[in-house]
Amino acid sequence: MDEVNEQVAARRDKVAQLKSDGLPAYRNDFRPSHTARDIRDRHGNLAQPELEALPEEFALGGRIRALRPHGKAAFFEVEDGTGRLQVYARRDGLGDEAYERVRSLDVGDIVGVCGRLFRTRTDELTIQAREVTLLTKCIRPLPEKWHGLKDVETRYRQRYVDLMVNPEVREVFRNRSRVIGLVRDFLEQRGFLEVETPMMQPMAGGAAAKPFVTHHNALDLDLYLRVAPELFLKRLLVGGFDRVFELNRNFRNEGISTRHNPEFTMLEFYQAYADYEDMMELTEELFVTLAEEIHGSLRIPCGEHEVNLERPWQRLSLTQGVVRHAGAEESELATPEDLRKVAGKLGLDLDPRLGQGKLLVEIFEHLVEPRLIQPTFVTGYPLEVSPLARRNDSNPALVDRFELFIGGRELANAFSELNDPDDQRRRFEEQAAARRAGDDTACEVDEDYVRALEYAMPPAAGEGIGIDRLIMLLTDSPSIRDVILFPLLRT
RNA sequence: GGGCCGCUAGCUCAGGUGGUAGAGCAGCUGACUCUUAAUCAGCGGGUCCGGGGUUCGAAUCCCUGGCGGCCCA
């Protein structure tokens, strides 16, 4: 108990009173016949004489969201998972004792109501209560009816209250669920098989990120929560599943921001006999499908901007991006020394140990990424930042990879897959060396993965899409915490 | 980790230059049988985030800690 609040005390007193009267404050014997939406959909158009002629009663269960008592009659609003409906209770309809019980109800209580439908003078569809039953007492007062719950900390820490009183928050999470269902349908229609691979891995690979460590007691084995499922999904390509996807949680032991939560939902999919350009096509199709389903339009609001998802989307190389948006000359981007000079000129303070590729990516992330509002596939990624991607056939310093940016945020990362086991082993060894040199986001040599490639992985491409960021885009949410039900907070 | 901002009643918020804390909603009591942010009359409700300091006196000024937001790393 964290408080002695007069309002809580008053509600507890009511529970005690019920108990002493031999009535339950918590019961589970009520079964709704309809939802609020059912009732509105089926009878919302009927006028009073037609409603009066309806022979049946309606049983509605839900939470009291508003009370308007008037002496010997009372209106209240009952809300279930589908909407609200007004209820009208009269002393002469219920009897004195039952009416007194109705008058002792509080906003927040969960009730079952039975009665026939009618329209009020102001034409509102209403249940005329024949019976009102308290099903569950709400001990704590709800936030203010008009302003709702605004305090962001309470909204995240007590999401149940946020959801209860802020309908737009419920809408975001309904949309989240719809999007995830649509993504599954989209991939399954195209022959992708949904799979589940380990979240607890003996070695964290598949992305440059710091992992969480845990320990299996019986095996006395340190395990890592996965930073990506990539290396397992590609093993499945070796095994003969030519199109697979996984849509589930990843964990990265890094900072928290408006676009990062330590656990987040990632979609990864892999397709044999495809390359990264095929992934661009698929990505455009997917986003267009989602926008049409969720918004009914390809022009969607994004903060102060409007994003236009009409195909085809812009393609831009990393270098072009830096030239176009950061105001550098292409001739200034040739060597690490040049890049450091450019970074300095542009006001960036970068780690002096970074090599050519990482410098370019850093400059891009700081100066170009925030300006990519319209959907843009960025290509031309350096080999050194892409240890699992296939080398470009004409320029061996680059890989066949893109990242997708929309609304100034990275939404997806895709590449043609490296399937040469010897090249893969060398890349792993370079990673391992970087790791020994202090880069704790670099991975180690995954011997079994190399062995899998030695059995031949078909030529393929794969992609990861950050589902939380996708939901942010589709619901115009400025923070990742707005699309994660229970974001991580300090305790 | 750094910078800036915030934390006051259950909720939403006010509280120039330091003088012992207010409103609306919610609650309680009363009136009211078609209201819908119901209305009318009355009443109660505070660890001003915690700790320390300055001062005759601190929600207010200073220091320190906590939690959160935004930005940066």
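In the text below, chain A, chain B and the rest are named by the order of the sequence lines, each starting its count at 1.
- Proximity of a side-chain donor or acceptor of Asn166(A) to a complementary backbone N or O of Val169(A) within less than 3.5 Å is not detected.
- We find that CG of Asp162(A) is positioned 20 Å from P of G10(B), with the value rounded to whole Å.
- With a cut-off of 3.5 Å on both pairing distances, A14(B) has no Watson-Crick or G-U wobble partner at all.
- With hydrogens and angles ignored, the 3.5 Å screen pairs no side-chain donor or acceptor of Arg130(A) with any backbone N or O of Arg116(A).
- Closest-nucleotide positions on RNA chain B for Leu142(A) and Arg121(A) were compared, and the one nearer the 5' end corresponds to Leu142(A).
- Using P as the reference atom, G10(B) and G16(B) are 22 Å apart when rounded to the nearest Å.
- As rounded to the nearest Å, G15(B) and G6(B) have C1' atoms that lie 16 Å from one another.
- Between Arg490(A) and G68(B) there is a side-chain polar atom (N or O) within less than 4.0 angstrom of OP1 or OP2.
- If you find the closest nucleotide of RNA chain B to Lys150(A) and to Lys14(A), the one lying nearer the 5' end belongs to Lys150(A).
- Distance check on atom P: U39(B) versus A26(B) gives 8 Å, rounded to whole Å.
- One can find a donor-acceptor pair under 3.5 Å joining the base of U33(B) and the side-chain atoms of Arg90(A).
- Remark: side-chain polar atoms of Asp400(A) are not paired, donor with acceptor, to backbone N or O of Phe415(A) under 3.5 angstrom.
- Partner assigned to C70(B) is G3(B), using Watson-Crick or G-U wobble distances below 3.5 angstrom.
- The gap from the P atom of U29(B) to that of G22(B) amounts to 25 Å, rounded to the nearest Å.
- Comparing atom distances between the Pro143(A) side chain and each of G27(B), G68(B), C11(B) picks out C11(B) as nearest.
- When the C1' atom of G45(B) is taken as reference, atom CZ of Arg140(A) falls 17 Å away, rounded to whole Å.
- Between atom CD1 of residue Ile300(A) and atom CG of residue Leu309(A) there is a gap of 4.5 Å, rounded to the nearest 0.5 Å.
- Residue contacts for Arg11(A): at a heavy-atom cut-off of 4.0 Å it reaches no nucleic acid atom on any strand shown.
- Within the structure, every side-chain polar atom (N or O) of Arg68(A) is placed at least 4.0 Å from both OP1 and OP2 of U35(B).
- Residue contacts for Gly148(A): at a heavy-atom cut-off of 4.0 Å it reaches the sugar-phosphate backbone alone, with no base atom in range.
- A salt bridge does not link Glu77(A) with Lys145(A): none of the charged nitrogens is closer than 4.0 Å to a carboxylate oxygen.
- Under the side chain to side chain contact (heavy atoms under 4.5 Å, CB included) rule, Pro167(A) has a single partner from Arg170(A), Met164(A), Glu171(A), which is Arg170(A).
- Considering only the side chain of Trp146(A), A37(B) comes nearest among G10(B), A37(B), U12(B).
- Taking only distance into account, the side chain of Gln86(A) meets the base of U35(B) through a donor-acceptor pair shorter than 3.5 Å.
- Within 3.5 Å, no donor on the side chain of Glu144(A) pairs with an acceptor on the base of A26(B), nor the reverse.
- Here the P atom of nucleotide A26(B) and the CZ atom of Arg65(A) are 13 Å apart, to the nearest Å.
- Within 4.0 Å (heavy atoms only), Tyr156(A) reaches sugar-phosphate atoms of the nucleic acid but no base atom.
- What separates CZ of Arg155(A) from P of G69(B) is a distance of 11 Å, to the nearest Å.
- As the counterpart of G45(B), no nucleotide is assigned, since no Watson-Crick or G-U wobble pattern has both distances under 3.5 Å.
- Here the side chain of Asp92(A) pairs no donor or acceptor atom with the backbone of Gly95(A) at under 3.5 angstrom.
- Listed pair Thr258(A) / C71(B) meets the phosphate criterion, a side-chain N or O lying under 4.0 Å from OP1 or OP2.
- A donor-acceptor contact under 3.5 Å is formed by the side chain of Asp92(A) with the base of U33(B).
- Atom NE2 of His147(A) is separated from atom P of A26(B) by 12 Å (rounded to the nearest Å).
- Searching all strands for a Watson-Crick or G-U wobble partner of A21(B) with both distances below 3.5 Å returns nothing.
- Among the nucleotides C67(B), U33(B), A38(B), the one closest to any side-chain atom of Lys145(A) is A38(B).
- Atom P of C67(B) sits at a distance of 24 Å from the matching atom of A59(B), rounded to the whole Å.
- When the C1' atom is compared between G57(B) and U12(B), the two are found 31 Å apart, to the nearest whole Å.
- Looking at heavy-atom distances under 4.0 Å, Arg103(A) makes contact with a base.
- Applying the Watson-Crick and G-U wobble criteria (two distances, each under 3.5 Å), A26(B) pairs with nothing in any strand.
- Relative to the side chain of Arg157(A), the nucleotides G10(B), C67(B), U33(B) differ in distance, and C67(B) lies closest.
- Going from atom CG of Asp151(A) over to atom C1' of G6(B) covers 10 Å, rounded to whole Å.
- Put simply, His366(A) has no side-chain N or O that comes within less than 4.0 Å of OP1 or OP2 on C72(B).
- Following rounding to the nearest Å, Arg116(A) (CZ) and C34(B) (P) show an atom-to-atom distance of 21 Å.
- Using a 4.0 Å heavy-atom distance criterion, Phe118(A) is classed as a base contact.
- Checking side-chain atoms of Arg259(A) against main-chain N and O of Arg469(A) turns up no donor-acceptor pair under 3.5 Å.
- Closest approach to the Arg481(A) side chain among G68(B), C70(B), A26(B) is made by C70(B) (side chain taken as heavy atoms from C-beta onward).
- Using C1' as the reference atom, U35(B) and C40(B) are 15 Å apart when rounded to the nearest Å.
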* Under the ring-ring contact (aromatic ring centres under 6.0 Å, His included) rule, what do Phe405(A) and Phe364(A) come out as? Steps first, then yes or no, please. => CA-CA 12 Å; Phe405(A) 296 87; Phe364(A) 179 87; 5.4 Å; yes
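- As rounded to whole Å, 10 Å separates atom P of C28(B) from atom CG of Leu67(A).
- To the nearest whole angstrom, the two C1' atoms, one in U47(B) and one in G52(B), are 16 Å apart.
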